There are 2 protein chains.
Amino acid sequence: MSKIKATKNNSTTDVICKSAAQLFRTNGFKNSSMRMLAQSLGVEAPSLYNHIGSKSEMLQHICTKVANDFGAHMVSLEEEELTAVAKIEKIIRFHVKMMLKHFDEVYVANHDWRYLDAADLTAFLQQRKAYETAMVQIVKNGIHNKEIANIHPQIVVLTILSALRGLEFWEKYKQHLHTKTLENNIVQLLLKGIKL
Amino acid sequence: MSKIKATKNNSTTDVICKSAAQLFRTNGFKNSSMRMLAQSLGVEAPSLYNHIGSKSEMLQHICTKVANDFGAHMVSLEEEELTAVAKIEKIIRFHVKMMLKHFDEVYVANHDWRYLDAADLTAFLQQRKAYETAMVQIVKNGIHNKEIANIHPQIVVLTILSALRGLEFWEKYKQHLHTKTLENNIVQLLLKGIKL
DNA sequence: CCTACCGATCGGTAGG
DNA sequence: CCTACCGATCGGTAGG
C-alpha cells in the first residue's frame with residue numbers, strides 16, 4: 001500500500017529524496033531527522049526504510065546527482081569551439097540555471113557534502129577538484145590568448161565560483177528581480193572583471 | 001584549580017570559545033559535542049559549565065563578535081570622505097584581513113548562524129541586513145556619481161560579498177599564494193567588474 | 001575540577 | 001505500511 005505517490009517520471013525513492021533535499025536545505029543535514037522527513041511525507045519513520053537504505057544514502061544520492069550534472073556540462077563544454085570568455089559565460093549561465101531548477105539539491109551539495117561517508121566524500125571532492133581544474137585551464141588559455149587579464153587563474157576561478165555560490169541568497173529577492181536581469185548582470189560584472 | 005590556562009589578554013572563557021570556534025569550523029556546530037570540546041581542552045565535559053553557560057551561548061558569542069567587528073568597520077567607513085569605489089576597496093581588503101585573522105570565527109558565523117537561538121538569530125540577521133543596506137547605499141552613490149556601472153546595486157553587493165565569502169576556501173592554497181597577491185588580485189577583479 | 005547520571009532524541013531493526 | 005523497541009549519543013545537572 002503506497003502512501004507516498006510515485007509519478008510518471010519519479011519513483012517513490014525519487015519523491016522521498018526530493019523531500020529530503022528540501023528538508024536538508026531548510027534545517028541542515030545533521031539537524032534533520034528521519035522522523036521529520038517521515039512526517040512531511042505522511043508516514044512513520046520506519047516505513048521510509050522500505051524505499052531507501054539509510055539517511056546518508058539519500059545525501060549521497062543528492063550530492064552525486066549535482067556533481068554529475070555539473071561535470072557533464074563541463075565535459076560537453078570542453079568539446080565546443082569557443083573563446084575562453086564565451087566558455088566562462090556559458091559556465092556562469094549554467095550555474096544560474098541549475099540553481100533555479102534544482103535549488104534544494106545544489107544548496108545541499110554545497111553545504112552538507114562534508115557529512116558524506118568516507119568513500120563518497122573522496123569521490124565528491126575529486127569531482128569538484130576536476131571541475132575546478134578544467135575551469136582553471138580555460139582561464140589559462142584565455143590569458144595566453146590575451147582574452148583575459150593576467151590575474152592568477154586559481155583566484156579567478158575561486159572568485160567566480162564563490163560569487164555564483166551566492167546565488168543561493170537570491171531566492172528571497174526573486175519577487176523583486178527578474179531572473180534574466182539577474183543572470184545578465186552577474187555575467188556582465190564577472191566577465192568585465194576578468195577581461196583584458 | 002584551573003587546567004585551562006587564561007592568558008594576559010584572554011579569560012578562561014575566551015580560551016574555551018576559541019577552541020569551540022575551531023571545533024565548530026571543522027565539524028560544524030551540530031556535529032560538535034561538548035565532550036569533543038572538553039577533550040580538546042583536556043578536561044571532562046561537565047567542567048566546561050563552570051566557565052560557559054551553554055553550547056549555544058558560545059555560538060552566540062562567536063557570531064556576535066564577528067557581526068560587531070564588521071559592523072564597526074562599516075560605521076567608521078561611513079564617516080570617511082572617500083569615493084564609492086575607494087570605499088568598496090576598503091571593504092574588500094577588510095574582509096580579507098578578517099578572514100586571515102579570525103578564520104574560525106568568521107567561518108562559523110557564515111555557516112552556523114542558523115543554529116542561533118530565536119532572539120540572537122533575529123539580532124544577527126538584522127545586523128547583516130544593515131551591513132548589506134549600507135553597502136547598497138555606497139554602490140547607489142557610486143552609480144549616481146558615474147563611478148560605477150549601472151548594474152542593479154543589490155546584485156553588485158551580493159556578488160561581491162559572495163565572492164569574499166569564498167575566501168574560506170583559500171586556506172588550502174596558502175602555501176602557493178602570497179596573501180598580498182591574493183588580496184590585490186581579488187580587488188582588481190571585483191573593482192574592474194563594477195567600474196564604469 | 002571530577003564522577004555519576006538524567007531525560008530527550010537520534011538512526012535503524014524486528015516482526016507482522 | 002505499522003507498532004514496539006534498541007543501543008548510542010546528546011546537552012546539561014547534582015553533588016561533592
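Values reported hereafter were calculated over all heavy atoms of this structure, with side chains retained and with hydrogens, waters and symmetry mates removed. It should be emphasised that the depicted structure is a prediction, and the values quoted were computed from it without experimental measurement. Protein chains get the first letters and strands the later ones, always in sequence-line order, with residue 1 at the start of each.
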Nearest to the side chain of [X], heavy atoms from C-beta on, is which of [options]?
X     : options               : value
A:Y49 : C:dC1, D:dC2, C:dG12  : C:dG12
A:P46 : C:dA14, C:dC1, D:dG11 : C:dA14
A:S54 : C:dG12, D:dC2, C:dC1  : C:dG12
B:V43 : C:dT3, C:dC1, D:dC2   : C:dC1

Rounded to whole angstrom units, what separation is found between the [atom1] atom of [X] and the [atom2] atom of [N]?
X      : N      : atom1 : atom2 : answer
B:Q39  : D:dG11 : CD    : P     : 14 Å
A:L48  : D:dT3  : CG    : C1'   : 15 Å
B:F24  : D:dC10 : CZ    : P     : 13 Å
A:E44  : C:dC10 : CD    : P     : 14 Å
B:M36  : D:dT9  : CE    : C1'   : 12 Å
B:L37  : D:dG11 : CG    : P     : 10 Å
B:K30  : C:dG11 : NZ    : C1'   : 16 Å
B:Y115 : D:dG11 : OH    : C1'   : 16 Å

message = Students often get this wrong, so: under 4.0 angstrom with heavy atoms, is B:S47 touching a base, only sugar-phosphate, or nothing?
response = base

request  = May I ask you to say what B:S32 touches in the nucleic acid, namely base, sugar-phosphate or nothing, with a heavy-atom cut-off under 4.0 Å?
outcome  =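 Since only primed, P, OP1 and OP2 atoms lie under 4.0 Å of B:S32, the category is sugar-phosphate.
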
query = Paired with D:dG16 by Watson-Crick or G-U wobble geometry, both distances under 3.5 Å: which nucleotide is it?
reply =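 For D:dG16, the partner nucleotide comes out as C:dC1, under the 3.5 Å rule.
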
inquiry  = Measuring to OP1 and OP2 of C:dC10, would you say a side-chain N or O of A:K55 lies under 4.0 angstrom away?
reply    = no

request  = May I have the step-by-step check of side-chain hydrogen bond (donor to acceptor under 3.5 Å, both in side chains) for B:Q137 and B:N141, ending in yes or no?
outcome  = CA-CA 6 Å; B:Q137 193 52 55; B:N141 292 342; 3.2 Å; yes

task = Taking the six-membered ring of B:F29 (Phe, Tyr or Trp), confirm whether the NZ or CZ of B:K55 is under 6.0 Å from its centre and within 45° of its axis.
result = yes

query = Which comes earlier along DNA chain D counting from the 5' end, the contact point of A:R35 or that of B:F29, where each point is its nearest nucleotide?
reply =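 With A:R35 and B:F29 compared, the 5'-side residue is A:R35.
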
ask   = If you pin A:H51 and B:A45 to their nearest nucleotides in DNA chain D, which one's is more 5'?
value = A:H51

message = Within this structure, what is the CG-CG distance for the pair A:L59 and A:L121, rounded to the nearest 0.5 Å?
response =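 If I round to the nearest 0.5 Å, the distance is 10.0 Å.
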
message = Need to verify one output field. Residue with the more 5' nearest nucleotide on DNA chain C, A:N50 or A:N31?
response =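 Mapping each residue to its closest nucleotide by heavy atoms, the 5'-most match is A:N31.
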
key: Minimum heavy-atom distance B:R114-A:N27, with the two atoms named   =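 Heavy atoms only, the tightest pair is NH1-C, 3.7 Å.
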
query = What do the steps show when you test A:H111 against A:F24 for ring-ring contact (aromatic ring centres under 6.0 Å, His included), and what is the final call?
reply = CA-CA 9 Å; A:H111 280 78; A:F24 297 165; over 10 Å; no

